[in-house]
Amino acid sequence: MVYILVSAPPTARGRVVLWQVDATGRVFDSHTVPAAEFPDAVDALTDDTVRWVWDDTAHWYPPLLERGIRVQRCHDLRLSHAILRHSAWTAGSPLAHAPHSAWDDPVPERAPTANTLFDDLDDTDGWGGGAGAERGSGVGGPDAGPGDSGLPSNAQSAAQSAAQGAAGRQIGAYVTRVANKRQPARDPHGEDESLREFRRQRAALAASEEPGRLGLLVAVESAGALIAAEMRFHGIPWRADLHDHILTEALGERPRFGGRPVKMEALVQEIRRAVGNPTFNPDSQPDLLRALRRAGLSVTSTSKWELRGVDHPVVAPLLAYKKMSRLYTANGWAWLDTWVRDGRFHPEYVVGGVVTGRWAAKGGGALQLPGTVRGAVVADPGWTLVVADAAQLEPRILSALSGDLRMAEAGRGQDLYQALVDQGVVDTRDHAKVGILGALYGSTTGQSAALMPRLTRAYPAAIQFVAEAARVGEKGGVVTTWLGRSSPRPDDQWWVDAVLDTDGGVTGPQRERAMQQARSWGRFTRNFVCQGSAAEWAMCWMAGLRTRLAEMGSPEARPHLVYFLHDEVMVHTPVGCAEEVVAAVHAAAADAGRLLFGGFPVEFPVQAMVAGDYAAAKG
DNA sequence: CATCGAGGCGCG
DNA sequence: AAAGCGCGCCTCGATG
């Protein structure tokens with residue numbers, strides 16, 4: 001494995017420094033290129049032995065993608081820092097004990113190749129500076145808006161262009177030099193902050209209780225960062241004309257001069273008639289609640305789950321209106337105008353954006369696309385979609401985490417919930433689902449709580465495992481996922497209340513609230529382990545899939561990931577590759593299970609569908 | 001005028 | 001039929 005660390009220290013004056021280092025961060029060589037030549041340098045150097053090390057994938061990778069350059073692996077220093085700094089398995093490391101630094105902050109805003117992060121470093125030598133220094137590469141940066149990048153750009157081989165001009169000759173010489181270097185080299189810039197951070201991280205990993213698992217976590221988190229950048233670059237194929245058609249069908253014509261779409265307006269009139277109030281505004285919750293109560297409904301909120309249980313003529317039109325209103329405001333024409341450009345939706349994925357390790361997204365609500373509009377996600381002509389999701393991922397993960405063989409056995413087939421019925425544990429599939437979800441979330445009331453004794457009897461190891469995670473959380477402790485991501489500690493106020501709970505002198509509502517809060521944190525840690533470990537499986541799955549896809553098709557028409565939703569992936573593929581993609585999806589899932597849990601007999605079946613559009617794939 | 005929390009609802 | 005985990009984003013209405 002060759003590590004090449006990329007940084008743009010202020011001493012390099014807008015140029016980019018490439019360091020060849022070993023796994024401990026020892027420098028063997030370094031080379032400085034003008035920022036504009038950075039993509040050529042990467043293209044010339046990258047191969048299947050190189051792992052690129054950089055502070056933020058979201059900063060360095062998009063300019064490469066714009067040039068049609070793809071890297072195979074990276075080590076994202078900021079994402080890895082967050083994991084290693086808080087993991088219980090690296091708690092003794094200098095990294096964990098260091099004071100707060102810029103590495104603990106969110107990704108900073110930067111111009112495409114300038115580094116303003118560590119500009120307090122000494123500017124002691126002028127090596128690499130001078131007239132040749134250039135700022136900015138002229139390519140779109142990570143903050144380019146949706147639609148700045150269109151169809152997959154495979155316009156030209158960047159390798160070819162690199163092999164031509166002066167930059168190419170320079171890089172070519174560098175490659176030869178790198179290949180021949182066997183002796184550590186001096187660091188001509190003094191200490192580079194990215195380099196130092198890389199060394200701290202590698203040291204923390206090496207000294208960790210579980211270097212294998214934690215190393216895998218850091219690797220797949222970084223692979224996720226590459227995938228997130230690639231998916232944003234390619235975008236989800238989105239047919240604005242079909243979206244418009246869906247909206248018009250559901251809501252009526254788009255209003256031209258303000259006001260509601262006609263079908264919504266008609267419902268408003270119906271709702272007003274049903275409650276005998278000709279003027280109230282159903283979009284205002286206080287207004288609506290008042291109107292409902294005056295009409296004789298004994299509701300305490302306007303939420304749909306409460307309304308659903310009420311027998312009154314206003315309920316049906318009101319629920320219909322709420323659904324339409326949601327579609328109109330969240331994914332209506334305004335959404336379409338804002339987020340879809342040139343047939344693509346380019347959401348920004350936030351890797352590690354959720355405490356558990358799941359991804360978040362910002363801009364356009366990419367992870368909450370309602371079923372209603374999924375019909376607008378349509379493959380290009382000659383292309384199709386492969387949509388795959390992991391069936392009952394979290395319970396299967398739980399069976400492996402806890403080593404519960406009987407639960408793993410229930411997961412041997414396609415449908416774990418049905419298997420619970422077949423094993424005689426519960427009487428219906430629905431009960432199985434409610435019961436399992438209740439165990440994962442820590443339900444204490446209702447139907448799912450009533451199922452707990454049966455589940456405990458059938459799967460003692462699994463249920464004890466989540467119960468223990470909850471107990472740890474209730475005491476304010478830390479739990480850790482399978483690969484080593486640890487839960488955050490409760491904040492100061494939590495501990496203040498926790499004292500009230502254990503202090504024998506405190507009684508009544510105050511104590512009640514304290515206990516309630518402790519249980520709430522327990523439910524969080526209970527779920528953290530399962531949700532977080534499931535996210536790790538999903539990342540292994542997707543990283544493996546990405547590698548397989550890279551071998552398929554041709555550079556001009558290669559299947560590529562376009563969407564990821566916790567336990568579901570979407571690949572946009574030439575029709576001719578679809579079956580190969582389906583096979584890869586299954587193979588990658590099997591690989592992920594083995595990678596995480598070795599020989600433990602847990603299975604992770606995925607359901608993969610080939611379809612021209614997303615709605616059909618889910619239907 | 002901008003910002004924030006609450007209520008609500010979409011997704012897993 | 002049901003209330004327990006994790007999110008982002010919309011509107012309204014209160015507050016600065």
Side-chain angles (χ1 to χ4, degrees), chain A residues 260 280-290 299-309 318-319 321-332 334-335 338-339 347-374 389-395 397-398 428-431 433-452 466 469-470 473 479 481 485 487-488 516 519-535 537-538 563-569 614 618:
Chain A
R260 300 184 177 89
F280 88 97
N281 174 15
D283 294 327
S284 162
Q285 283 159 28
D287 222 21
L288 175 57
L289 186 57
R290 257 193 310 274
V299 287
T300 59
S301 76
T302 66
S303 72
K304 71 175 184 186
W305 74 262
E306 189 174 359
L307 286 168
R308 212 148 35 189
L318 182 54
L319 291 180
Y321 176 78
K322 277 169 166 281
K323 187 164 175 66
M324 286 175 161
S325 176
R326 166 79 190 188
L327 175 62
Y328 178 54
T329 56
N331 296 97
W335 182 93
T338 308
W339 297 109
E348 178 183 356
Y349 298 92
V350 186
V351 177
V354 179
V355 276
T356 58
R358 273 187 175 182
W359 289 13
K362 56 186 175 197
L367 303 185
Q368 307 134 254
L369 297 174
T372 344
V373 300
R374 292 185 178 189
D389 71 311
Q392 305 104 30
L393 178 56
E394 287 188 23
I397 290 289
L398 172 57
T428 65
R429 186 181 185 279
D430 213 45
H431 281 172
K433 185 172 179 176
V434 166
I436 290 288
L437 290 178
L440 287 166
Y441 296 160
S443 170
T444 53
T445 60
Q447 199 181 48
S448 76
L451 291 160
M452 285 307 292
V466 286
V479 296
T481 61
R485 191 186 308 263
S487 64
Q516 164 63 33
R519 283 195 298 266
S520 172
W521 197 259
R523 288 193 300 273
F524 166 62
T525 53
R526 167 196 290 261
N527 186 248
F528 180 95
V529 191
C530 297
Q531 187 183 116
S533 302
W537 180 90
Y563 191 53
F564 170 58
L565 186 54
H566 309 315
D567 61 358
E568 178 178 330
V569 296
Y614 193 12
K618 297 305 280 184

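Order of the sequence lines fixes the chain letters, A, B, ..., with proteins taken first and strands second; residue numbering starts at 1 for each chain. Please read these numbers as outputs of a predicted model, since none were measured by experiment.
The ring-ring contact (aromatic ring centres under 6.0 Å, His included) check on A:Phe564 picks up A:Trp359, with sequence neighbours excluded. For A:His431, the side-chain contact (heavy atoms from CB on, under 4.5 Å) partners are A:Val426, A:Asp427, A:Thr428, A:Gln447, A:Leu451, not counting sequence neighbours. The side-chain contact (heavy atoms from CB on, under 4.5 Å) search around A:Thr444 returns none, not counting sequence neighbours. With sequence neighbours excluded, the residues satisfying side-chain hydrogen bond (donor to acceptor under 3.5 Å, both in side chains) with A:Asn527 are A:Gln531. Residues satisfying the side-chain hydrogen bond (donor to acceptor under 3.5 Å, both in side chains) test with A:Tyr349, not counting sequence neighbours, are none. Partners of A:Asp287 according to the salt bridge (Lys or Arg N to Asp or Glu O under 4.0 Å) rule, which considers only residues two or more places apart in sequence or in another chain, are A:Arg290. Take A:Glu568 and apply the side-chain contact (heavy atoms from CB on, under 4.5 Å) test, not counting sequence neighbours, and it matches A:Arg374, A:Val387, A:Asp389, A:Leu565, A:Tyr614, A:Lys618.
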Do any side-chain atoms of residues 362-372 of chain A form donor-acceptor pairs under 3.5 angstrom with protein atoms, and if so which ones, sequence neighbours left out?
none

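If you walk DNA chain B from 5' to 3' and mark each nucleotide with an atom closer than 4.0 Å to a heavy atom of chain A, the marks span B:dG7 to B:dG12.
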Q: Give the dot-bracket string for DNA chain C, reading 5' to 3', where a pair is Watson-Crick or G-U wobble with both distances under 3.5 Å, ( ) marks pairs inside the strand, [ ] marks pairs crossing earlier ones, | marks a partner on another strand, and . marks unpaired.
A: ....||||||||||||
Listing time: all N or O pairs from protein to nucleotides 13-16 of chain C that are below 3.5 Å?
| unit_1 | atom_1 | unit_2 | atom_2 | d |
| --- | --- | --- | --- | --- |
| C:dG13 | OP1 | A:Ser284 | OG | 2.4 |

Between the protein and nucleotides 4-7 of chain C, which nitrogen or oxygen pairs are less than 3.5 angstrom apart?
| unit_1 | atom_1 | unit_2 | atom_2 | d |
| --- | --- | --- | --- | --- |
| C:dG4 | O3' | A:Arg523 | NE | 3.0 |
| C:dC5 | OP1 | A:Arg523 | NE | 3.1 |
| C:dC5 | OP1 | A:Arg523 | NH2 | 3.4 |
| C:dG6 | O4' | A:Gln531 | NE2 | 3.2 |

